[in-house]
Visitor: 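Let me give you the structure first, and then I'll get to my questions.
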Number of protein chains: 2
Amino acid sequence: MAREKKNVTVAAPPVKSGRRATSYDVARIAGVSQSMVSRCFAPGGSIAPDKRDRILKVATELGYRPNALAQGLISGRTNMVAVLISSLTNRYYPEVLDELSRRLTERDIRVLLFSLTAESEVDAVLDQVWRHSVDGVISAARLSDPQIRLFDEHNVPLVLYNRTASTASAASVCCDSTSGERDLVERLLEARHKRFAIIAGPEDSYVGEERRVAALARLAEAGIKDVPVVRGDFSYDSGRAGLHALARGKMPDAVICASDQMAIGAMDAARIDLGIPIPKALSIVGFDGSGPASWASYELTSIRQPVRRMTEAAVAMLMERIEDGDTPAERRMFAGELLRGGSARIG
Amino acid sequence: MAREKKNVTVAAPPVKSGRRATSYDVARIAGVSQSMVSRCFAPGGSIAPDKRDRILKVATELGYRPNALAQGLISGRTNMVAVLISSLTNRYYPEVLDELSRRLTERDIRVLLFSLTAESEVDAVLDQVWRHSVDGVISAARLSDPQIRLFDEHNVPLVLYNRTASTASAASVCCDSTSGERDLVERLLEARHKRFAIIAGPEDSYVGEERRVAALARLAEAGIKDVPVVRGDFSYDSGRAGLHALARGKMPDAVICASDQMAIGAMDAARIDLGIPIPKALSIVGFDGSGPASWASYELTSIRQPVRRMTEAAVAMLMERIEDGDTPAERRMFAGELLRGGSARIG
DNA sequence: TTGAAAGCGTTACCAA
DNA sequence: TTGGTAACGCTTTCAA
């Protein structure tokens with residue numbers, strides 16, 4: 001039935017049946033050269049006003065649009081940026097992706113999305129990235145040092161989001177997990193919590209490990225050792241299971257979670273499954289500060305990542321490197337904001 | 001410092017300084033024609049085994065990869081699919097996007113992501129879609145009938161996700177809001193709820209309106225009219241505000257929400273802000289059934305959309321239309337599954 | 001099986 | 001300001 005419509009299409013019939021109009025078609029009908037049509041659509045193309053009008057008129061009639069592939073092929077710029085996200089992690093990434101996508105669109109850049117499942121997929125993804133000649137890449141997925149170096153070889157600008165390269169140098173923007181985590185621990189210490197426990201992220205998560213290490217370090221400074229650590233995968237279920245695991249040992253009075261989702265799972269486990277009053281008998285803190293953290297049922301004490309500023313910075317850094325390939329590596333670190341919720345007994 | 005690394009790069013130096021290796025480079029070094037290199041990387045290209053090996057060896061050394069732009073330009077296939085999502089709506093879309101992206105990647109298709117903010121952006125997005133010669137489009141954003149017809153004109157296959165075209169015909173996959181909503185209402189009626197109220201979505205949301213209309217229709221059949229309706233934007237906050245608005249009138253004993261997020265907001269408003277016991281004094285039902293709906297603090301009664309089957313169907317339908325442009329319009333409707341949570345007093 | 005040559009639809013460069 | 005012509009890197013005939 002869709003086919004039927006084609007015969008009664010209202011728009012002006014294309015130059016050749018079914019084919020998409022090209023700059024040649026426009027040139028021919030407007031009585032100018034093809035180069036002129038090209039210049040007419042280019043930013044600073046020199047062209048007489050009357051011709052420009054004529055060309056634009058014809059172009060509109062024919063529904064002409066420059067072919068992005070041909071443009072990219074010849075000019076070396078595709079106006080596409082690849083965004084790499086490891087989906088299985090934190091559910092706070094949708095917000096990041098949304099912000100990134102919005103900001104890139106504002107700058108007339110398209111997003112080629114790669115949502116990674118397993119570590120092993122990275123090489124395949126990078127292969128596609130090279131093939132498609134994107135102008136740059138923003139990666140919120142973990143890349144190995146050799147992988148990061150490939151970007152240099154291929155001359156593709158890269159900005160890491162909440163990751164850092166260990167030996168290779170790369171542009172990156174991140175939220176300061178260390179100071180955030182220390183902040184949380186200090187508040188808990190001030191409020192005289194004694195028995196700490198941690199629900200960490202998976203071992204292969206960069207931010208997860210950073211947060212675990214930072215919390216443990218600050219606790220050690222306060223003379224607190226032998227802190228029980230269980231691992232989750234940033235999900236609600238794993239947080240809930242994590243608290244159950246901790247409860248089988250000596251019950252802590254403060255649980256530090258590597259993500260809000262896990263903290264929320266832990267709260268539900270404590271309050272609902274085990275009947276432990278929060279924050280009276282148990283304080284729980286998270287990290288990220290997005291969405292559900294501030295829902296009235298949880299009011300999580302957490303560190304809010306400044307997602308808007310971070311995404312803005314990531315995009316700005318990338319654009320800078322796309323315009324000027326020699327911009328040196330730089331790391332922009334943003335402090336998180338303490339979210340004082342009711343899930344922890346702090347001052 | 002990144003620059004410094006370039007001198008000690010381990011990979012074989014490209015043919016010309018800094019330039020990406022082309023099929024000509026490979027051909028020259030392997031001592032064959034360029035066409036042969038092309039065929040070597042094509043699916044069914046006829047080529048002698050020994051030459052194939054030699055070419056592949058050289059290609060690996062040079063780090064050669066076919067240029068996707070050139071391929072797309074000449075062959076007419078880009079192996080890219082555009083995914084349109086209206087981000088401001090439901091937070092249940094990240095799950096959909098993730099599934100779609102995964103399934104497309106499995107089929108060796110790249111995702112060009114367009115995350116829409118305002119209705120007005122659609123035309124600009126479509127413009128980009130045409131320019132980039134994507135092989136097809138999956139849209140979870142609302143498209144007008146004229147916009148849908150453009151796909152026919154441009155010969156670009158389209159599959160609508162949880163939307164339908166009113167007059168234009170298009171392929172679509174959706175969750176049956178009507179039967180889902182009727183199901184919920186019937187359970188509530190059976191449990192002798194009397195005073196119903198609705199927290200609907202925004203007027204310009206297709207699914208939102210469908211759900212509102214379906215619920216009202218079923219209530220009308222039961223002789224229940226004058227059902228108060230307040231509108232939200234699918235967000236937690238709007239659900240919470242919605243319940244407060246309803247509470248200012250005669251207190252209902254059943255609130256039907258157009259999304260889980262709003263239902264959760266409404267639950268928090270009722271239990272925490274107003275001290276109304278749930279489900280004892282008030283039943284609340286949602287729609288979507290993803291993520292937070294099943295968190296222990298809420299245990300929402302809702303309709304779970306079969307996201308996996310729906311995304312699988314959407315991708316399959318799209319691929320079918322990409323392979324064969326004459327596949328007729330088809331609509332696949334999936335029934336949702338009743339989620340019996342503790343948020344509603346039903347049998 | 002192989003290679004030469006003709007595009008694909010642009011931009012970039014250079015004379016005019 | 002113009003238009004001709006050479007790329008860009010590939011796929012696709014078509015003869016050999």
Side-chain angles (χ1 to χ4, degrees), chain A residues 14-16 18-55 59 62-80 130-135 154-155, chain B residues 14-16 18-55 58-59 62-80 128 130-135 154-155:
Chain A
V15 178
K16 271 189 182 176
R19 229 192 66 243
R20 192 170 145 184
T22 72
S23 54
Y24 275 101
D25 298 326
V26 177
R28 186 162 35 77
I29 297 182
V32 297
S33 75
Q34 181 272 336
S35 335
M36 195 161 197
V37 177
S38 174
R39 262 172 295 155
C40 181
F41 284 85
S46 60
I47 185 174
D50 59 324
K51 312 242 173 184
R52 141 160 284 139
D53 293 346
R54 195 154 82 234
I55 292 176
L62 297 185
Y64 167 75
R65 285 175 189 76
N67 182 320
L69 288 109
Q71 282 181 316
L73 187 55
I74 187 72
S75 72
R77 274 201 60 161
T78 52
N79 292 317
M80 290 198 306
W130 313 139
R131 283 168 127 91
H132 284 273
S133 327
V134 297
D135 294 337
H154 288 259
N155 269 312
Chain B
V15 178
K16 271 190 184 174
R19 228 192 68 244
R20 192 169 145 184
T22 72
S23 54
Y24 276 100
D25 298 326
V26 177
R28 186 163 33 78
I29 297 182
V32 297
S33 74
Q34 181 271 337
S35 341
M36 196 163 202
V37 177
S38 173
R39 261 172 318 199
C40 181
F41 283 85
S46 60
I47 184 174
D50 58 324
K51 312 241 173 183
R52 138 159 286 137
D53 293 345
R54 196 154 82 236
I55 292 175
V58 174
L62 297 185
Y64 166 75
R65 285 176 188 77
N67 181 319
L69 276 65
Q71 280 182 317
L73 188 55
I74 187 75
S75 72
R77 275 203 58 163
T78 52
N79 292 318
M80 290 198 307
Q128 292 299 331
W130 314 139
R131 282 169 129 92
H132 283 273
S133 328
V134 297
D135 294 338
H154 289 258
N155 269 313

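Per chain, numbering begins at 1; letters A, B, ... match sequence-line order. Computed from heavy atoms alone, side chains included, the values below leave out hydrogens, waters and symmetry copies.
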Visitor: How long is the line joining CH2 of B/Trp130 and P of C/dG9, in whole Å?
Guide: 17 Å
Visitor: Could you run down the sub-3.5 Å N/O contacts of the protein with nucleotides 14-16 of chain C?
Guide:
none

Visitor: Quickly work out the A/Asp25 CG to C/dG9 P distance and round it to whole Å.
Guide: 9 Å
Visitor: Looking only at the side chain of B/Ser23 (C-beta and beyond, no hydrogens), which of the listed nucleotides D/dC10, D/dC8, D/dT1 gets closest?
Guide: D/dC10
Visitor: Within the structure, does a side-chain N or O atom of A/Thr22 lie under 4.0 Å from either OP1 or OP2 of C/dG9?
Guide: no
Visitor: The side chain of B/Ile74 lies closest to which of these nucleotides: C/dG9, D/dT11, C/dT2?
Guide: D/dT11
Visitor: Please confirm whether the shortest side-chain N or O distance from A/Ser38 to OP1 or OP2 of C/dT11 is below 4.0 Å.
Guide: yes
Visitor: Report the distance from atom CZ of B/Arg65 to atom OG of A/Ser133, rounding to the nearest 0.5 Å.
Guide: 11.5 Å
Visitor: To the nearest 0.5 Å, what is the distance between CG on A/Asp25 and CZ on A/Arg20?
Guide: 11.5 Å
Visitor: Name the residue closer to the 5' end of DNA chain C, choosing between B/Lys51 and B/Ala70 according to the nucleotide with the nearest heavy atom.
Guide: B/Lys51
Visitor: Can you tell me how far apart OG (A/Ser33) and CZ (A/Arg28) are? Round to the nearest 0.5 Å.
Guide: 14.0 Å
Visitor: Rounding to an integer number of Å, can you tell me how far B/Leu69 CG sits from D/dA7 C1'?
Guide: 15 Å
Visitor: For D/dA7 and B/Tyr24 - does any side-chain N or O of the residue sit under 4.0 Å from the phosphate oxygens OP1/OP2?
Guide: no
Visitor: As a test of understanding, state which of A/Thr22, A/Val32, A/Ile47 forms a side-chain contact (heavy atoms from CB on, under 4.5 Å) with A/Val37.
Guide: A/Val32
Visitor: In terms of relative ring orientation, are B/Phe41 and B/Tyr64 parallel, tilted or perpendicular, with 30° and 60° separating the classes?
Guide: perpendicular
Visitor: Mind checking the NE2-CG spacing from A/His132 to A/Leu69? Nearest 0.5 Å is all I need.
Guide: 9.5 Å
Visitor: List the atom of A/Arg54, the atom of A/Gly31, and the distance in Å for their closest heavy-atom pair.
Guide: NH2-O, 4.3 Å
Visitor: Looking across every strand, which nucleic acid part, if any, lies under 4.0 Å from B/Arg131 by heavy atom: base, sugar-phosphate, or nothing?
Guide: nothing
Visitor: Between atom CG in B/Leu73 and atom P in D/dA7, what is the gap in whole Å?
Guide: 17 Å
Visitor: Nearest to the side chain of B/Ser75, which nucleotide is it out of D/dT2, C/dT11, D/dT11?
Guide: D/dT11
Visitor: What is the distance from CZ of A/Arg77 to P of D/dG9, rounded to the nearest Å?
Guide: 18 Å
Visitor: Where the side chain of A/Pro66 is defined as all heavy atoms beyond and including C-beta, which of C/dC8, C/dT2, C/dT10 is the nearest nucleotide?
Guide: C/dT10
Visitor: Kindly give the atom pairs (protein nitrogen or oxygen, nucleotide nitrogen or oxygen) under 3.5 Å for nucleotides 14-16 of chain D.
Guide:
none

Visitor: Could you measure the distance from the CE atom of A/Met80 to the CD atom of B/Gln128? Nearest 0.5 Å is fine.
Guide: 11.0 Å
Visitor: Figure out the CG/C1' separation between B/Asn79 and D/dT11, and round it to whole Å.
Guide: 14 Å
Visitor: Would you indicate which nucleotide in D/dT2, C/dG9, C/dT10 comes nearest to any side-chain atom of A/Gln71?
Guide: C/dT10
Visitor: Take the protein atom CG of B/Asn67 and the nucleotide atom P of D/dT11, then report the distance between them rounded to whole Å.
Guide: 9 Å
Visitor: To the nearest Å, give me how far apart CD (B/Gln34) and P (D/dT13) are.
Guide: 15 Å
Visitor: Among C/dG9, D/dT12, D/dG9, which nucleotide has an atom closest to any side-chain atom of B/Ser35?
Guide: D/dT12
Visitor: Heavy atoms from C-beta onward define the side chain here; which of C/dT10, D/dC8, D/dC10 lies closest to that of B/Tyr64?
Guide: D/dC10
Visitor: Rounded at 0.5 Å granularity, tell me how far OG in B/Ser23 sits from CG in B/Leu62.
Guide: 11.5 Å
Visitor: At their closest point, which heavy atom of B/Ala30 faces which heavy atom of B/Val58, and how far apart are they?
Guide: CB-CG2, 3.8 Å
